[in-house]
Amino acid sequence: MTPPTARTWARRGRTPVIRVRGRSQRRFSVAALACYKQGERSRLIYRPKRHVDHKRGGRRSFTWTDYRDLLTAAHQQLCGQIVLVWDNLNVHKDRRLREFIDTHDWITCYFLPAYAPDLDPVEGIWSLLRRSSQVNTAFSDPDHLISTLRHGLRKIQYRSNLIDGCLA
């Protein structure tokens, strides 16, 4: 992952440089739900996943079963109905996932317009994450990356006003 850069300081005439050792072929994915329930604070439910066999033809993203498990965990945490607003990712429109959603009465699903990242609250979460915990950082190994991701998402989780801003 090429590190995002932000403004920083250095001595006059010395440009700050972040050294990155070569591109890693390891893959990580993170799925998140920004949740709002009337009368309660907003929540962020997320699942990171490390893809270990993507070089041998394995999948390099979340599968429909991963999303199914995330929705089931969210239902258990929230103890109520879920109104799901999704973008048009191909996995979100998978036939098996649609069947799962249709067979459970506690999920209602709506899709955003074809290309509207400004309407997706989770895009705001990713922007906050990149601008806060990942900026000007060269990750030494995959464990460093995943622990930084978890720490950054946990910081966002504890500040429900940030989630409210993304939902608004």
Side-chain angles (χ1 to χ4, degrees), residues 1-4 23-37 40 42-135 139 141-157 160 162-168:
M1 170 184 247
T2 304
R23 293 198 169 254
S24 172
Q25 295 300 315
R26 295 176 184 91
R27 291 285 297 211
F28 295 96
S29 296
V30 182
L33 297 172
C35 306
Y36 172 77
K37 190 173 183 180
E40 294 184 15
S42 299
R43 296 185 192 185
L44 178 67
I45 301 171
Y46 64 91
R47 296 287 183 275
K49 183 176 181 179
R50 179 185 283 183
H51 306 285
V52 291
D53 64 339
H54 75 280
K55 282 187 180 180
R56 294 185 299 262
R59 188 162 178 98
R60 299 186 317 183
S61 62
F62 272 78
T63 62
W64 76 273
T65 55
D66 296 324
Y67 284 107
R68 178 197 63 197
D69 296 342
L70 178 63
L71 290 172
T72 305
H75 177 63
Q76 289 173 354
Q77 260 188 352
L78 299 172
C79 301
Q81 298 284 326
I82 293 178
V83 177
L84 195 60
V85 179
W86 260 348
D87 57 6
N88 289 304
L89 188 66
N90 58 358
V91 176
H92 295 168
K93 292 190 167 213
D94 188 280
R95 176 187 48 83
R96 295 163 291 188
L97 187 59
R98 293 293 309 157
E99 288 172 2
F100 172 77
I101 290 171
D102 291 340
T103 57
H104 292 84
D105 59 344
W106 47 267
I107 304 176
T108 306
C109 184
Y110 297 101
F111 286 98
L112 290 171
Y115 185 73
D118 51 325
L119 297 178
D120 192 356
V122 177
E123 295 296 332
I125 299 291
W126 301 144
S127 176
L128 285 171
L129 183 66
R130 286 185 65 85
R131 286 184 290 146
S132 62
S133 64
Q134 293 182 331
V135 71
F139 299 104
D141 60 0
D143 294 327
H144 181 214
L145 170 62
I146 204 75
S147 67
T148 304
L149 279 173
R150 285 182 186 271
H151 181 71
L153 286 168
R154 207 171 303 123
K155 282 173 48 177
I156 294 171
Q157 250 181 344
S160 61
L162 293 176
I163 302 169
D164 289 339
C166 293
L167 288 167

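Count residues from 1 along the sequence.
The CD atom of Q157 sits 10.5 Å away from atom CZ of R150, with the distance rounded to the nearest 0.5 Å. Atoms SG and NE2, on C109 and H104 in that order, are 14.0 Å from each other to the nearest 0.5 Å. Within the model, atoms OH of Y46 and CG of L129 stand 10.0 Å from one another, a figure rounded to the nearest 0.5 Å. We find the CD1-SG distance between I163 and C35 to be 8.5 Å, quoted to the nearest 0.5 Å. Rounded to the nearest 0.5 Å, atoms OG1 (T65) and CZ (R68) are 5.5 Å apart. The OG1 atom of T148 sits 6.5 Å away from atom CG of L145, with the distance rounded to the nearest 0.5 Å.
Ion pair R98/D102 flagged as a salt bridge, since at least one NZ, NE, NH1 or NH2 atom sits closer than 4.0 Å to an Asp/Glu carboxylate oxygen.
Using a 4.5 Å heavy-atom cutoff, the side chains of I125 and L153 are in contact. Looking only at side-chain heavy atoms (C-beta outward), L149 and P48 stay at 4.5 Å or farther from each other.
K49 forms no cation-pi arrangement with F28, by the criterion of a distance under 6.0 Å to the ring centre and an angle within 45° of the ring axis. A cation-pi arrangement is absent between R130 and W126, since the terminal nitrogen or guanidinium carbon is not both under 6.0 Å from the aromatic centre and inside a 45° cone about the axis.
The two residues L128 and L162 make their nearest non-hydrogen contact at CD1-CB, 4.1 Å. Of all heavy-atom pairs between L112 and N88, the closest is O-ND2, 3.0 Å. The minimum heavy-atom distance between A34 and V122, with the atom names listed, is N-CG2, 4.2 Å. The two residues L33 and A74 come nearest to each other via the heavy atoms CD1-CB, 3.7 Å. The two residues C166 and G124 make their nearest non-hydrogen contact at SG-C, 3.5 Å. Here the shortest heavy-atom pairing between V91 and L97 reads O-CD2, 3.5 Å.
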_Determine whether T72 and F100 satisfy the following criterion, side chain to side chain contact (heavy atoms under 4.5 Å, CB included), listing intermediate values before the conclusion._
CA-CA 10 Å; T72 305; F100 172 77; 3.8 Å; yes
*What do the steps show when you test T108 against I82 for side chain to side chain contact (heavy atoms under 4.5 Å, CB included), and what is the final call?*
CA-CA 6 Å; T108 306; I82 293 178; over 6 Å; no
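With R47 contributing its side chain and D69 its backbone, the two residues share no donor-acceptor pair below 3.5 Å. A donor-acceptor pair under 3.5 Å is absent between the side-chain atoms of S127 and the main chain of E123, judged by distance alone.
Aromatic ring centres of H92 and F111: separated by at least 6.0 Å.
A parallel orientation is assigned to the rings of W106 and H75, their planes being inclined by less than 30° (bins at 30° and 60°).
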